[in-house]
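The structure appears right after this line, and notes come after that.
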There are 2 protein chains.
Amino acid sequence: MNPVNLKLLAQKLNLSIATVSRALQDSHEVSTQTKERVKALAAELNYQPNAYASSLRRNVSKTIGVVIPEVNNHFFSLAINGIEAVARQQGYHVLIYLTHEDHDREADITQYLTGGRVDGLLMSVAASASQDFSHLKKLYDSKPAIVFFDRVCEELPTASVTTNDYESGYLATQHLIEAGCRHIVHLMIAGNLSIGRMRMQGYHAALESHGIAFDETLVVNGSDDDDGNTHLITDLLRQRPEIDGMFASVERLAISSYQACQALGRAIPADVKIVGFSNLGVASLLNPALTTITQPAYEIGREAATILLRAIEKKHPILPSQSVVLNSTLFPRRSTARD
Amino acid sequence: MNPVNLKLLAQKLNLSIATVSRALQDSHEVSTQTKERVKALAAELNYQPNAYASSLRRNVSKTIGVVIPEVNNHFFSLAINGIEAVARQQGYHVLIYLTHEDHDREADITQYLTGGRVDGLLMSVAASASQDFSHLKKLYDSKPAIVFFDRVCEELPTASVTTNDYESGYLATQHLIEAGCRHIVHLMIAGNLSIGRMRMQGYHAALESHGIAFDETLVVNGSDDDDGNTHLITDLLRQRPEIDGMFASVERLAISSYQACQALGRAIPADVKIVGFSNLGVASLLNPALTTITQPAYEIGREAATILLRAIEKKHPILPSQSVVLNSTLFPRRSTARD
DNA sequence: CTGCCTGATGGAAACGTTTACGTAGATAAA
DNA sequence: TTTATCTACGTAAACGTTTCCATCAGGCAG
């Protein structure tokens with residue numbers, strides 16, 4: 001309606017647009033009096049600079065993008081909390097995009113983002129069957145700074161913030177073995193990503209070093225469909241009654257495991273013991289309390305955003321050497337109790 | 001580095017910038033052949049239009065803002081899912097801002113957003129002691145379309161998407177009474193908002209119609225500090241041993257109630273019965289399973305975004321009459337079982 | 001008095017689009 | 001023939017900032 005812009009302010013003050021602009025930026029080349037006059041009027045008229053004009057001119061958007069598989073997941077929502085906290089503190093805006101673990105959707109989104117809409121990008125790659133990362137390479141070539149967190153695409157030479165996935169996989173599996181399990185299922189997702197492979201390798205190594213043969217039919221690939229996962233696990237448990245332990249490498253699979261056990265009447269931990277990666281705040285209130293490997297999700301978000309914004313502000317490229325690995329924690333609870 | 005823009009395309013094709021621009025928009029005033037030439041080159045060079053230039057020129061940003069208290073909460077994360085789904089489908093980008101239930105932070109954010117950065121806004125107001133909504137009024141005056149969801153500011157004449165809060169409060173309380181409770185605590189938040197008042201009135205009415213006296217010392221105001229809330233509830237339960245029911249009007253307070261009971265060794269549902277508003281997917285897996293009033297969070301997000309985008313696209317103002325009320329559902333579970 | 005600096009301001013270009021308007025040639029209508 | 005209409009394209013202004021480059025007054029040194 002009534003656009004309050006630099007032109008209007010300049011007219012009302014009998015100044016040029018240039019001077020008004022400089023005054024609002026506290027430029028030293030405008031007199032103190034003028035600055036005050038300008039700022040007073042700007043405040044009175046509730047002037048807000050047009051972000052798009054500014055971005056266009058300066059070629060900087062003060063916006064970062066966050067591309068993640070989903071938000072209805074405690075790991076990612078906590079990470080967003082961390083990201084938003086540092087973005088906000090440094091005056092950055094946060095655009096959010098959900099891939100729903102869909103490779104094509106992810107490609108669409110990254111395509112959008114090659115347009116300079118964001119100064120940088122925080123990303124956790126979608127888990128899918130595909131090993132095709134060409135969309136990410138294209139994105140990378142188009143220039144914005146990228147930092148991966150948790151789910152990394154290793155083919156891009158940039159920084160990442162991850163957790164000690166190999167050790168976590170090892171520890172979780174060892175924990176089950178020490179609790180007496182001998183037939184341990186590995187429920188995974190993200191077979192195409194390093195994170196999946198690392199956890200898998202930890203699982204494998206733990207079995208080996210405790211003299212348990214690796215059985216590939218005990219490795220199950222879940223999807224982002226909870227009901228489907230529950231069915232998958234239910235069938236498996238029915239067909240393989242010897243199964244006495246389950247290692248869920250993502251939160252949703254731990255939940256589905258509980259539901260499968262409930263449906264089949266298998267007692268946790270008496271019949272089957274379960275450990276899962278999870279940031280569920282109510283893990284200790286579950287029936288029974290769930291043993292978790294918990295990632296420092298909030299810190300991961302903070303750290304990733306910090307690396308990204310530092311690079312943007314200094315206009316330095318992001319190097320793989322800036323990568324950070326944080327440690328997860330195993331919280332033993334009733335679901336893996338030795339009776 | 002090498003900016004692929006209209007000018008470059010125009011040069012390479014020996015066309016004017018205008019023609020290239022029109023060709024890319026499938027304008028009828030450019031020949032089919034030319035269109036094809038332009039599109040081919042654009043694809044080859046991976047041309048992406050500069051979003052800021054376009055927004056500046058058209059005065060439309062294809063971006064909506066979402067302002068919510070927190071994201072680490074199933075209600076809001078599901079709502080975001082719904083919002084993102086419709087935004088994405090219509091080619092809109094989603095900016096996210098978290099208030100952490102902090103009035104000042106909310107004011108800061110809304111101040112940012114008066115700058116035309118977004119075409120519209122979806123908002124769930126922060127719960128705080130303050131009844132001061134001047135920041136929202138200022139925002140409203142500055143023009144962007146606003147739709148509230150769940151947490152409404154009634155002083156602004158715009159649309160909202162809410163649930164049947166009065167009935168839900170009534171139902172929850174009645175459910176506890178019918179399960180045998182006589183001393184029912186109401187754990188609330190958002191005393192400054194209509195949503196809080198409505199649920200409260202439902203609680204009040206249910207007590208009255210069942211001949212139970214309203215006791216205002218049984219109404220507790222929580223905050224967004226989980227540990228603090230747990231302490232508050234623990235103290236209350238200790239001081240008032242007659243309490244046999246709790247109605248938590250937000251998810252986090254239900255969780256804190258469980259923790260308080262656990263700490264004090266009160267059995268649920270034998271000693272105390274609990275019902276809470278919640279979108280926790282694992283409610284049925286809790287110990288004991290939690291009776292919930294579940295809001296259709298995803299649909300709320302979808303609905304709110306739909307109203308907003310329709311208004312933006314048609315450039316119609318949003319009217320209060322477009323408001324929608326969806327129904328929540330009571331899921332009785334073990335936590336309110338009669339024995 | 002001239003020349004030079006300094007401090008405060010204005011003019012205008014630039015960022016990459018979109019779009020109102022103009023135009024040239026071709027075809028059709030009068 | 002003239003005039004109108006249409007097609008396909010170009011010119012240039014506009015969006016609101018930022019910023020390079022003047023300009024101009026005044027002070028001061030030579």
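Residue numbering restarts at 1 for every chain, and letters A, B, ... go by the order of the sequence lines. Values below: every heavy atom of this structure, side chains too, minus hydrogens, waters and symmetry copies.
For A:E29, the listed nucleotide lying nearest its side chain is C:dT9; candidates were D:dG10, C:dT9, D:dT17.
In this structure, B:V30 and B:R58 both approach DNA chain D, and ranking their closest nucleotides by distance from the 5' end singles out B:V30.
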Review item, side-chain donor-acceptor pairs of residues 58-73 of chain B, under 3.5 Å, at least two apart:
residue, atom, partner, partner atom, Å
B:S61, OG, B:T63, N, 3.4
B:S61, OG, B:R117, O, 3.2
B:S61, OG, B:D119, N, 3.4
B:S61, OG, B:D119, OD1, 2.9
B:T63, OG1, B:S61, O, 2.9
B:E70, OE1, B:R252, NH1, 3.4
B:E70, OE2, B:N73, ND2, 3.3
B:E70, OE2, B:R252, NH1, 2.9
B:N72, OD1, A:H74, ND1, 3.3
B:N72, OD1, A:S77, OG, 2.9
B:N73, OD1, B:F75, N, 2.7
B:N73, OD1, B:F76, N, 3.3

Would you list the atom pairs, donor with acceptor, under 3.5 Å between side chains in residues 298-320 of chain B and any protein atom, with sequence neighbours excluded?
residue, atom, partner, partner atom, Å
B:T306, OG1, B:R302, O, 2.6
B:E313, OE2, B:Y92, OH, 2.7

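Within the structure, the ring pair (Phe, Tyr, Trp, His ring centres under 6.0 Å) test picks out the following pairs touching residues 102-126 of chain B (sequence neighbours left out): A:H93-B:Y112, B:H103-B:H135. Contacts classified as salt bridge (Lys or Arg N to Asp or Glu O under 4.0 Å) and involving residues 13-23 of chain B (residues at least two apart or in different chains) are not found.
Taking A:D26 as the reference, A:K35, A:K39 meet the side chain to side chain contact (heavy atoms under 4.5 Å, CB included) condition, with sequence neighbours excluded. Checked against side chain to side chain contact (heavy atoms under 4.5 Å, CB included), B:E44 has the following partners two or more places apart in sequence or in another chain: B:L41. For the side chain to side chain contact (heavy atoms under 4.5 Å, CB included) test, residues two or more places apart in sequence or in another chain that qualify with A:L193 are A:V125, A:F133, A:R151, A:A190, A:I195. Every side chain to side chain contact (heavy atoms under 4.5 Å, CB included) that A:D102 has, sequence neighbours left out, goes to A:D104, A:R105. For A:S21, the side chain to side chain donor-acceptor pair (under 3.5 Å) test picks out A:Q25, with sequence neighbours left out.
Taking every heavy atom of residues 16-23 of chain A and every atom of DNA chain C, pairs under 4.0 Å involve A:S16, A:A18, A:T19, A:R22, by number. Residues from residues 31-50 of chain B placing a heavy atom under 4.0 Å of any atom in DNA chain D, listed by number, are B:S31, B:T34.
In this entry the distance linking CG of B:D26 with P of D:dA8 reads 14 Å, nearest Å. Taking atom OH of residue B:Y52 and atom P of nucleotide C:dT17, one finds them 14 Å apart after rounding to whole Å. Regarding B:Q25, its CD atom lies at a distance of 11 Å from the P atom of C:dA20, rounded to whole Å. Taking atom NZ on A:K7 and atom P on C:dG11, their separation rounds to 13 Å, with Å as the unit. In this structure, CG of A:L56 is placed 14 Å from C1' of D:dT19, rounded to the nearest angstrom. Per the geometry, CD belonging to A:Q11 stands 13 Å off P belonging to C:dG10, to the nearest Å. In this structure, the NZ atom of A:K62 is 16 Å from the C1' atom of D:dT17, given to the nearest Å. In this structure, CG of B:L6 is placed 12 Å from P of C:dT19, rounded to the nearest angstrom.
Side-chain atoms of A:T99 do not come within 3.5 Å of backbone N or O of A:A126 as any donor-acceptor pair. Although no hydrogens or angles enter the test, the distance criterion places no donor-acceptor pair under 3.5 Å between the side chain of B:S323 and the main chain of B:V161.
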Between the protein and nucleotides 25-28 of chain C, are there any N/O to N/O pairs under 3.5 Å, and if so, what are the atom names and distances?
none

